[in-house]
Structure formats: structure tokens, C-alpha cells
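Below you'll find the structure, written out as C-alpha cells, and then a few comments.
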There are 2 protein chains.
Amino acid sequence: MKIAVVGLGAMGAAAAGNLLRKGHEVRGMDVRQAALDALSEAGGAPHATIAGAVTGADAVVCFVVNSTQVDAVVSGPGGIAAHLDPAAVLIQCATVSASFIRRVGEQLAPAGVLLVDAPVSGGVRGAAGGTLTVMASGPREAMARARPVLCEMGSHVHDFGDELGAGSTVKTINQLFCGVHLAVLGEAIALGKRAGLDPQRLLEVYGSSAAASWMMQDRGPRALQDAPPSNSTIDIFVKDLALVLDAGRDLKFPLPIAAAAHQMFLTGSAVGKGALDDSHLWEAYPAPR
Amino acid sequence: MKIAVVGLGAMGAAAAGNLLRKGHEVRGMDVRQAALDALSEAGGAPHATIAGAVTGADAVVCFVVNSTQVDAVVSGPGGIAAHLDPAAVLIQCATVSASFIRRVGEQLAPAGVLLVDAPVSGGVRGAAGGTLTVMASGPREAMARARPVLCEMGSHVHDFGDELGAGSTVKTINQLFCGVHLAVLGEAIALGKRAGLDPQRLLEVYGSSAAASWMMQDRGPRALQDAPPSNSTIDIFVKDLALVLDAGRDLKFPLPIAAAAHQMFLTGSAVGKGALDDSHLWEAYPAPR
């Protein structure tokens with residue numbers, strides 16, 4: 001297939017690499033020249049404009065950072081919708097709110113654009129290995145065209161029906177788990193240090209106990225490193241837990257655990273640690289005595 | 001070995017069964033006749049008094065529910081300390097605070113009682129299978145005598161040094177993870193229902209995503225059952241998260257995530273759901289529309 005990836009950050013670049021290794025013709029667009037150079041080296045076709053990347057593609061995968069960027073790359077005269085082939089599908093993977101993706105769907109419907117709401121979980125490792133968990137929904141025709149691409153990207157492709165927004169709600173609840181699991185990891189490491197215990201030994205214990213989580217296994221080693229390289233910062237969870245809380249507001253539903261976790265990510269950001277890897281949320285807590 | 005198990009509730013009975021299957025001579029004591037009958041059927045020797053169970057044992061494993069019960073079974077003329085052989089070791093497995101077990105140690109020290117602080121994680125399944133995670137500390141001589149028993153009970157035996165209380169602090173932080181992971185499971189299921197999504201499908205998704213946890217895997221199926229049988233209730237986590245918060249107070253350390261989770265377990269208890277399985281914390285949230 002001819003697949004365009006718009007947004008070649010950590011997730012988009014890893015997904016593009018996976019699609020290239022699986023033999024697809026991959027075009028990519030990003031505003032950063034370094035990202036285009038990296039795609040070119042990996043065997044993909046870099047484009048400086050959306051028009052160049054999208055025209056003639058069977059599917060366009062959108063891997064930008066947030067809803068503002070989705071708006072910027074999808075709409076307008078230079079956007080994806082203006083250049084997408086009528087038979088091609090737009091697969092939106094960025095983490096956005098259900099209400100936002102529904103609005104995008106309403107905007108694009110008059111032009112007949114095929115859109116799938118398809119956020120993912122599994123991080124850069126999942127994107128690079130094609131082992132993402134995909135939480136998808138959208139009109140049946142759009143989903144039928146997107147499915148072969150989604151199955152290349154993910155090992156678990158979940159279809160939540162024909163309504164845009166269902167996929168994003170499922171992803172939002174996924175982020176509720178991820179954000180809270182990260183927050184309690186931070187709180188536990190901070191408490192352990194305060195109690196004079198070695199956090200490395202603690203994580204060895206909890207990795208095999210009822211305390212274990214995917215997040216602990218993935219982020220635990222980075223939590224113990226000084227200034228680890230990061231693809232997922234404290235500020236990203238400031239954003240993602242805000243999406244969770246917004247979903248609660250839309251549904252008039254209280255989310256006290258998510259709210260407490262959000263306050264700790266905001267604390268991290270407020271004390272100047274927003275750009276740290278999210279495994280370092282323990283730095284948002286008071287120092288050990 | 002001759003091993004006495006004091007407290008034959010879900011955990012104690014399962015641990016006794018495991019020790020019997022491994023060929024040890026197991027005596028048991030409980031105030032409930034049904035628990036003694038069950039031990040007898042499993043091949044153990046039931047005793048109605050602590051003196052009967054403890055006298056002549058190489059090790060006594062204490063599996064009662066909380067610190068009040070530990071005080072009741074350990075101290076006084078009819079207690080474990082009064083009947084323990086000088087060469088035998090007392091292995092305290094109930095979840096208690098570090099400050100409490102240190103106090104017990106100080107009380108027993110003049111009589112030369114060998115005591116190990118050895119809380120466990122892994123639930124009834126871990127106790128029955130001998131695959132518990134044991135978080136132990138205590139004087140070296142006590143630990144040396146306890147180790148063979150601990151290694152029969154658990155697949156991961158962690159030694160946190162010679163100070164009583166270290167094991168219980170490690171267990172307390174374990175319960176911080178467990179309580180918060182359960183709370184976010186409840187919050188996510190409640191939010192999903194409110195959003196009109198099928199919780200069973202949600203848990204299928206999150207079981208393979210970055211949202212996964214030991215608690216989700218273990219409690220998820222029970223969360224979806226009507227009134228599942230329970231060994232671990234909402235009220236138990238009212239107690240365990242109180243221990244976590246008490247540890248924070250002792251150390252003058254803020255634990256906002258634990259505090260929010262505790263409030264939700266208290267809410268569950270306050271609306272009359274305290275005896276429900278802890279997987280049903282979603283019932284503490286408002287009903288779906």
C-alpha cells in the first residue's frame with residue numbers, strides 16, 4: 001500500500017519505520033527537516049508539504065501531538081482533507097477528545113472524506129514493532145479501508161463501532177489508567193526514599209507482587225536513571241489527564257483519582273520538571289529527609 | 001518441620017494447605033470451628049488454644065487480620081509468646097504498620113522471642129500455591145530460622161535487613177500500589193459505563209495495552225460478575241490505605257494519590273458496600289445515566 005504518515009515525531013517515525021519494514025511505500029511529512037532526513041534514511045519518501053505526501057496515498061496516518069495540530073494538518077487549503085483521494089482513508093491516531101474527533105468528522109462529512117478515529121497505546125516500542133493496541137471506531141466504509149493498515153500497525157485492533165469518538169473515549173480511559181499508574185509509581189518511589197529504602201530493591205519486589213503494572217515494568221528502570229532520554233514527558237500527562245477530566249465534565253461524572261493524579265503532574269510541571277520523563281514524577285514530591 | 005499457623009482465614013488456610021502438601025507437620029488455631037474442621041480435613045492438626053498449636057512447633061506463622069488481633073494472639077498468658085519454644089521463630093505475616101511491629105518486637109525482646117516481620121503479597125492464590133512475595137526483615141538469628149519456612153510459602157523472599165518494620169514498610173508501599181490500582185480500576189469501569197461502553201470489552205483492550213496491571217488481570221473478571229465471592233473486601237482496603245496514610249503521617253510526607261483512593265474506598269463503605277469484593281469499587285461511583 002501507499003501510506004502517508006503526517007507527523008514524524010517519536011510515534012510517527014516509529015510507525016513509519018514499521019510500515020517500511022513490512023514492504024509498504026511510505027511517504028512522510030513533518031515540519032522538522034531532521035525528521036524528514038531520518039525517514040529518507042529509513043527508505044521512506046520525505047515531503048515538505050502535506051499535498052506532496054498525501055496525494056495518491058491509499059491511507060493517511062495522522063500522528064501529530066494534539067488536537068490543535070490535528071486541526072492544523074487536516075483542515076484548510078493546504079490540509080490533508082483537501083488533497084486526500086476520494087477512495088483513501090484518513091486514520092487519526094493522535095490522542096484527542098471524543099468531542100473533538102466528532103467535530104472533525106462533521107466538518108469533513110460534506111466532502112465525503114473517509115475518517116477513522118484510531119488512537120493507539122503501546123508507546124514507541126509498540127509503534128516500532130507493529131504491536132500497538134489500536135482503539136478504533138468510524139463509519140463502516142472508512143473502517144474497511146483502514147483495517148489492513150491498522151493490522152500492520154497493531155497486534156490488537158479493537159473496533160468500537162461506527163461512531164467517531166468511541167475509539168477516543170476508550171483511549172481516554174486508557175490514559176486514566178496510565179496516568180494514575182504513573183502517579184502512584186512516583187508517589188511510591190518518593191515515599192520509599194523518604195522511608196530510607198532503596199527504590200531499586202522496592203521495584204524488584206513489586207515487579208513480582210500484586211503491585212505490578214505495565215507502567216511499572218516499562219517506566220521503572222527509567223525512574224531510577226538520572227535524566228533518562230524521554231519520549232513521554234510529565235507535560236504530556238498534564239495534557240492527557242486533562243483530556244480524562246474533560247471527558248468526566250462532558251459526562252457530568254466525578255473522577256477523584258484522575259484529579260489527584262493530574263494535580264501531581266501539574267505540580268511536576270509547576271516546579272520546572274515538565275520536560276522530564278514521566279517516570280520521574282517522584283521529583284514532584286518533597287525530597288527525602 | 002513442625003509449623004503452627006495461627007489464624008485460618010482465607011490466607012492462613014491457604015498457606016496451611018500449601019505447607020501440608022509440601023510434607024510439613026502443620027498445626028492450626030482459629031476461633032472458628034469451621035476453620036479447624038477444614039484444616040483437619042486437609043490433614044492438619046486443629047487446636048482450639050494457642051498453647052496447643054504452638055507448644056513444640058519449630059515456627060509459628062501468624063496470619064490474623066490486623067494489629068488488634070496480632071496483639072490478642074501474641075501477648076498475654078494464653079498468647080504465642082508465652083508458649084513458643086526458645087529455639088522457635090514467630091513469623092508475623094498480617095499487614096500491620098512498621099511502628100506497630102517495632103513495638104511488638106520491643107515487648108518480646110526481654111523474653112528472647114525470635115520474631116520476623118514478614119508480610120506477604122499475592123493473595124489466596126499465592127498462599128495456596130506457595131508463590132507469595134514475602135517482604136521480610138528482622139534480627140539475623142530469627143531470619144535464619146524463618147527462611148526455610150518463608151521459602152516454602154513464597155517464590156520471592158526478600159530480606160530487608162535486621163530491623164523490624166522494614167518488611168512492613170515495604171508491604172505498606174505495596175498496598176499503596178494495590179489500593180490505587182484497584183481504585184483506578186473502579187473509576188475506569190464507572191466512567192466507561194457512564195460513557196455507554198461495555199466494561200468487558202474495555203478490560204479486553206486494556207489487558208493488552210499500557211493500562212494493564214496485576215490487579216486488573218486478577219480483579220477484572222470479578223469486577224464484571226454480579227456479587228462475586230470475596231476474600232478481599234472494600235473494607236480491607238479502607239484499612240490498608242489507612243495504614244499507607246499513617247505511614248505518610250509518621251514520615252511527615254504527603255500522599256495525595258493514596259488519599260484520593262482512600263476516600264473512594266471510604267465512599268464505598270459509607271454507601272453500604274464495604275463487604276463487597278474490592279473489584280466492585282465501581283459501585284461507589286454514581287450509576288450510569
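Here is the naming used below: chain letters follow the sequence lines, and residue numbers restart at 1 for every chain. Keep in mind that this is a model prediction, so the values were computed, not measured.
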Most contacts with chain A, counted as non-hydrogen pairs under 4.5 angstrom, among Gly122(B), Ser155(B), Ser121(B), Ser208(B)
Ser208(B)
Which bit of Ala258(A) is near chain B, if near means a heavy-atom gap under 4.5 Å: side chain, backbone, both or neither?
both
For residues Ile173(B) and Gly192(A), report the shortest heavy-atom separation together with the two atoms involved.
CD1-CA, 3.6 Å
Top residue by heavy-atom pair count (under 4.5 Å) with chain B, among Ala261(A), Ala188(A), Ala210(A)?
Ala210(A)
At their closest point, which heavy atom of Arg201(A) faces which heavy atom of His158(B), and how far apart are they?
NH2-CB, 4.1 Å
Contacting moiety of Ser213(B), where chain A heavy atoms sit under 4.5 Å:
both
Leading residue by heavy atom contact count with chain B [cutoff under 4.5 Å; candidates Ala247(A), Ala190(A), Gly196(A), Ala166(A)]:
Ala190(A)
Within 6.0 Å of CZ in Arg289(B), more than 12 heavy atoms from elsewhere:
yes
Which heavy atom of Phe253(A) sits nearest to which heavy atom of Ala287(B), and what is that distance?
CE1-O, 4.5 Å
Top residue by heavy-atom pair count (under 4.5 Å) with chain B, among Leu202(A), Leu191(A), Thr169(A)?
Leu191(A)
Between the CD atom in Gln217(B) and the CH2 atom in Trp214(A), the distance rounded to the nearest 0.5 Å is 15.5 Å
To the nearest 0.5 Å, what is the distance between CG (Asp198(B)) and CZ (Phe160(A))?
8.0 Å
So CE of Met215(A) and CZ of Phe177(B): to nearest 0.5 Å the spacing works out to 13.0 Å
Please determine, among Val170(A), Val120(A), Leu132(A), Val180(A), the option with the most heavy-atom pairs under 4.5 Å with chain B.
Val170(A)
Counting only heavy atoms not in Glu283(A), do more than 12 sit closer than 6.0 Å to its CD atom?
yes
Of the non-hydrogen atoms in Ala260(B) and Pro256(A), which two are nearest, and what is the gap between them?
CB-O, 3.8 Å
Under 3.5 Å: donor-acceptor pair, side chain of Arg194(A), backbone of Gly248(B)
no
Where on Leu185(B) is there a heavy atom nearer than 4.5 Å to chain A: the side chain, the backbone, both, or neither?
both
Please flag which part of Asn174(B) lies under 4.5 Å from any non-hydrogen atom of chain A: side chain, backbone, both or neither.
both
Measuring heavy-atom distances to chain B, does Leu197(A) have an atom under 4.5 Å in its side chain, in its backbone, in both, or in neither?
side chain
Could you tell me if the side chain of Tyr206(A) sits less than 4.5 Å from the side chain of Thr133(B), heavy atoms only?
no
Could you have a look at Thr172(A), Val244(A), Val184(A) and say which one has the most heavy-atom pairs with chain B under 4.5 angstrom?
Val184(A)
Closest approach of Ile257(B) to Met264(A) (non-hydrogen atoms, all atoms of both residues):
CD1-CG, 4.0 Å
Would you mind telling me which of Pro286(A), Gly161(A), Gly126(A) has the largest number of heavy-atom pairs within less than 4.5 Å of chain B?
Pro286(A)
Using a 4.5 angstrom heavy-atom cutoff, name the option from Leu176(B), Thr131(B), Val134(B) with the most pairs to chain A.
Leu176(B)
Over 60° means perpendicular and under 30° means parallel, so tell me whether His181(A) and His181(B) are parallel, tilted or perpendicular.
tilted
Looking at Arg249(A), I want to see if its CZ is surrounded by more than 12 non-hydrogen atoms of other residues, nucleotides or ligands under 6.0 Å.
no
Of the non-hydrogen atoms in Met135(B) and Val205(A), which two are nearest, and what is the gap between them?
CG-CG1, 3.7 Å
